[in-house]
Amino acid sequence: MVRPMETLPLYIAGRFVNGAEPTQPVVNPATGEAIAHAARATRAETEAAISAAREAFDSGAWSGLTAMKRGQVLLEIARRLREQAQELARVETENMGKPIFEAEFDVADAATCFEYYGGLATKITGDVNPVPDEALSLTLKEPVGVCGQIIPWNYPLLMAAWKIAPALCAGCTVVLKPAETTPVTAIHLARILDSIPDLPKGVVNVLTGDGPEVGAMLAASERIDKVAFTGSTRTGRSILRAAADSNLKRVTLELGGKSPNIFFADAGWETAVEGAVFGVFVNQGEVCSAGSRILVERPIHDRFVAAIVEKARAIRLGDPSDRATRMGPLVTAAHRERVMGYVEQGKREGARLVLGGGKPNGSLAGGAYLEPTIFTGVDPGMAIAQEEIFGPVVAVIPFDGEAEAVRIANATPYGLAGAVWTRDIFRAFRVVRKLRAGIVWVNHMQPTYVEAPWGGMKMSGAGRELGRYGVENYLEVKQVHVNLNDQPMGWYA
Ligand code: NAI
Ligand code: MG
């Protein structure tokens with residue numbers, strides 16, 4: 001359990017150790033007050049964690065267990081997450097600012113993720129390849145090795161689960177680095193892992209610390225076989241570069257997006273209005289797949305804008321620990337400033353601010369709150385229609401007809417997600433097939449399931465997480481040829 005104003009330890013080689021460096025305060029964004037202090041791992045501490053993961057991998061302590069045993073350990077992690085769900089949701093909300101109502105979903109999803117990969121451990125199989133000649137050609141799947149995993153702050157516990165569960169399923173070992181601002185539930189998860197006797201020491205290590213130091217070391221380490229990253233495109237680039245300049249480690253990236261949420265005139269009205277608002281304002285808009293561009297067919301544009309403005313205005317913005325709250329503060333005051341910079345830019349570029357854009361006063365003045373914000377009259381080329389804002393700010397763009405909708409939808413460097421709303425199933429599938437995005441919803445936006453792959457095209461990343469695809473990124477393929485013919489080839493005769 002995380003105690004008030006605790007100094008969070010590092011978790012290295014199955015031991016909780018206090019960091020050697022001065023700590024960094026962990027702040028509750030709803031109040032601006034410190035709730036804990038986090039260690040900032042030094043180079044030596046980072047090397048120690050990599051060594052522990054390396055040793056745990058090379059000794060076969062984990063990959064050498066039966067798949068059944070590994071699966072059982074993952075199921076046990078899930079069980080303990082569920083047992084401690086209430087406390088985990090509470091501290092997640094306190095650290096990150098998301099509504100408790102959402103944090104409870106996240107903790108349950110994290111447990112589900114461990115359950116899925118617990119079950120999958122015994123279903124990873126190779127192939128028998130139909131080669132000619134008297135031979136048996138096999139494809140074996142083997143763990144890729146030591147994995148550096150770098151995660152963001154928007155779903156702190158859930159992102160840890162998305163990373164750790166498939167890695168352990170595959171037989172890999174891990175050094176996980178949570179985001180600077182949201183380390184609390186990752187350390188809590190480390191305590192859960194530590195309490196499971198069948199999980200060998202050093203299989204999972206958790207290091208809090210700065211991205212450009214600890215994260216960059218993981219990306220550059222010669223002793224790490226793969227890095228899995230979720231976060232900004234800019235950091236994703238630097239990780240790829242570090243991999244290229246070191247040992248060509250495998251890299252999977254889940255980067256940002258500027259996902260289009262496309263509404264045709266025949267869409268079911270109530271569900272569409274709710275889907276437009278939910279698509280961008282859930283989790284304060286701090287979602288990689290946020291539907292941050294709402295594309296509306298011109299005949300319904302004005303009426304649709306009026307309806308989403310009314311719905312968004314009614315969102316309960318407030319204390320995230322209140323179960324009625326649907327939008328909390330942004331993750332930090334600094335992030336709010338960054339998001340507000342985009343609000344100013346939108347105004348300067350000539351877009352029309354029709355809702356929000358400001359900091360709420362009164363009892364919320366002490367937190368990093370920002371009102372739900374809607375711009376109309378947005379030109380697809382404006383910065384607010386091209387760049388990831390990662391906050392509660394949406395650009396509404398009108399379109400005429402299917403071809404224009406698709407053209408605008410695809411006209412950003414990103415390709416993570418998108419959604420199309422129409423009652424015409426033929427049109428829905430035509431649009432689905434033309435969208436350059438890794439995830440497309442029809443008549444919904446945001447549901448995410450561990451059973452189904454997740455990831456982006458174009459600059460939204462490389463590789464897929466979740467589902468069977470998720471574990472493939474933690475496996476190497478080994479081809480084995482077994483000669484069944486005991487005669488010499490006669491090659492030199
Ligand atoms: P970031 O990409 O800098 O941080 C994400 C993680 O990477 C953190 O754990 C951080 O410590 C680590 N990191 C930072 N610099 C690193 C480096 N040089 N080498 C290795 N690891 C490093 O993102 P940040 O600064 O928190 O947010 C900036 C923007 O990125 C957001 O406004 C948003 O647009 C986007 N973002 C996208 C996310 C997504 O889910 N795709 C999640 C978080 C941020
Ligand atoms: Mg950064």
Side-chain angles (χ1 to χ4, degrees), residues 154 231-234 255-263 275-298 301-302 304-309 311-313 315 317 327 330-360 368-399 404-419 435-437 445-446 456 458-460:
N154 56 338
S232 65
T233 304
R234 181 195 152 105
L255 309 176
K258 193 71 188 175
S259 299
N261 203 358
I262 307 168
F263 297 88
V277 172
F278 179 77
V280 68
F281 296 127
V282 66
N283 206 46
Q284 298 77 236
E286 296 165 321
V287 181
C288 53
S289 57
S292 54
R293 291 183 297 151
I294 294 179
L295 277 50
V296 189
E297 204 170 16
R298 206 173 296 271
H301 177 272
D302 294 356
F304 197 72
V305 167
I308 63 174
V309 165
K311 191 150 214 86
R313 198 195 303 280
I315 293 175
L317 176 68
M327 250 177 83
L330 298 191
V331 67
T332 59
H335 184 60
R336 177 174 63 176
E337 291 314 308
R338 185 179 176 277
V339 173
M340 290 194 71
Y342 277 107
V343 175
E344 290 313 310
Q345 190 166 4
K347 290 185 203 163
R348 272 201 312 276
E349 286 182 308
R352 207 153 64 85
L353 180 68
V354 295
L355 183 72
K359 308 175 182 179
Y369 293 92
L370 179 61
E371 295 162 342
T373 301
I374 300 178
F375 279 104
T376 61
V378 178
D379 182 273
M382 291 178 182
I384 59 165
Q386 286 290 318
E387 295 174 26
E388 181 172 59
I389 299 176
F390 224 68
V393 180
V394 69
V396 183
I397 304 170
F399 69 84
E404 193 183 29
V406 168
R407 190 177 55 69
I408 297 172
N410 285 334
T412 80
Y414 291 111
L416 184 58
L435 289 180
R436 295 277 294 154
M445 194 177 209
Q446 301 310 355
K458 295 157 71 181
M459 281 178 65
S460 289

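Taking 4.5 Å as the limit, some side-chain heavy atom of Ile315 sits within range of a side-chain heavy atom of Val277. In this structure the side chain of Phe399 reaches within 4.5 angstrom of the side chain of Glu297, judged on heavy atoms. Proximity of Ile262 to Leu435: side-chain heavy atoms (C-beta onward) are separated by under 4.5 Å at one or more points.
Minimum interatomic distance between Phe263 and Gly275 (heavy atoms only, all atoms of both residues): CZ-C, 4.4 Å. Tyr369 and Pro360 make their closest contact through CB-CG, 3.5 Å (heavy atoms, listed as atom of the first residue, atom of the second, distance). Considering every non-hydrogen atom in both Gly256 and Tyr414, the closest pair reads O-CD2, 3.3 Å. In terms of heavy-atom proximity, Thr412 sits nearest to Lys458 at O-NZ, 2.9 Å. In terms of heavy-atom proximity, Pro372 sits nearest to Ala312 at CG-O, 3.6 Å. Taking every heavy atom of both residues into account, His301 and Pro398 meet most closely at CD2-CB, 3.8 Å.
Here Asn261 contributes atom CG and Leu295 contributes atom CG; the two are 8.5 Å apart, rounded to the nearest 0.5 Å. Between Thr376 atom OG1 and Ile294 atom CD1 the span is 11.0 Å, to the nearest 0.5 Å. Atom CE of Met459 sits about 8.0 Å away from atom CG of Leu255, to the nearest 0.5 Å.
Every residue two or more places apart in sequence or in another chain that forms a salt bridge (Lys or Arg N to Asp or Glu O under 4.0 Å) with Lys347 is listed here: Glu344. With sequence neighbours excluded, the residues that form a side-chain contact (heavy atoms from CB on, under 4.5 Å) with Val406 are Asn410, Val431, Lys434. In this view, Glu349 satisfies the salt bridge (Lys or Arg N to Asp or Glu O under 4.0 Å) rule with no residue, not counting sequence neighbours. A search for ring pair (Phe, Tyr, Trp, His ring centres under 6.0 Å) contacts involving His335 returns Trp153, not counting sequence neighbours. Scanning for salt bridge (Lys or Arg N to Asp or Glu O under 4.0 Å) contacts around Arg338 gives an empty result, with sequence neighbours left out. Legend: residues meeting side-chain contact (heavy atoms from CB on, under 4.5 Å) with Leu416, ordered by chain and number and at least two apart, are Glu254, Ser259, Cys288, Ser289, Ile439, Ser460. With sequence neighbours left out, Phe278 forms a side-chain contact (heavy atoms from CB on, under 4.5 Å) with Val282, Gln446. Annotation: salt bridge (Lys or Arg N to Asp or Glu O under 4.0 Å) contacts of Arg407 (sequence neighbours excluded): Glu404. Partners of Asn154 by side chain to side chain donor-acceptor pair (under 3.5 Å), not counting sequence neighbours: none found. Take Ala437 and apply the side-chain contact (heavy atoms from CB on, under 4.5 Å) test, not counting sequence neighbours, and it matches Val440.
Among pairs with a residue in residues 280-295, none fulfils salt bridge (Lys or Arg N to Asp or Glu O under 4.0 Å), at least two apart in sequence or across chains.
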Which donor-acceptor pairs under 3.5 Å do side chains of residues 379-397 form with protein atoms, sequence neighbours excluded?
unit_1: Asp379; atom_1: OD1; unit_2: Gly381; atom_2: N; d: 2.9
unit_1: Gln386; atom_1: NE2; unit_2: Pro380; atom_2: O; d: 2.9
unit_1: Gln386; atom_1: NE2; unit_2: Ala411; atom_2: O; d: 2.8
unit_1: Glu387; atom_1: OE1; unit_2: Tyr342; atom_2: OH; d: 2.6
unit_1: Glu388; atom_1: OE2; unit_2: Gly257; atom_2: N; d: 2.9

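Screening Val280, Leu353, Val339 against Thr373 for a side chain to side chain contact (heavy atoms under 4.5 Å, CB included) leaves a single residue, Leu353.
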Take Phe281 and Ile374 through the test side chain to side chain contact (heavy atoms under 4.5 Å, CB included) and record every step on the way to the result. CA-CA 10 Å; Phe281 296 127; Ile374 300 178; 4.1 Å; yes

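Checking side-chain atoms of Gln284 against main-chain N and O of Leu330 turns up no donor-acceptor pair under 3.5 Å.
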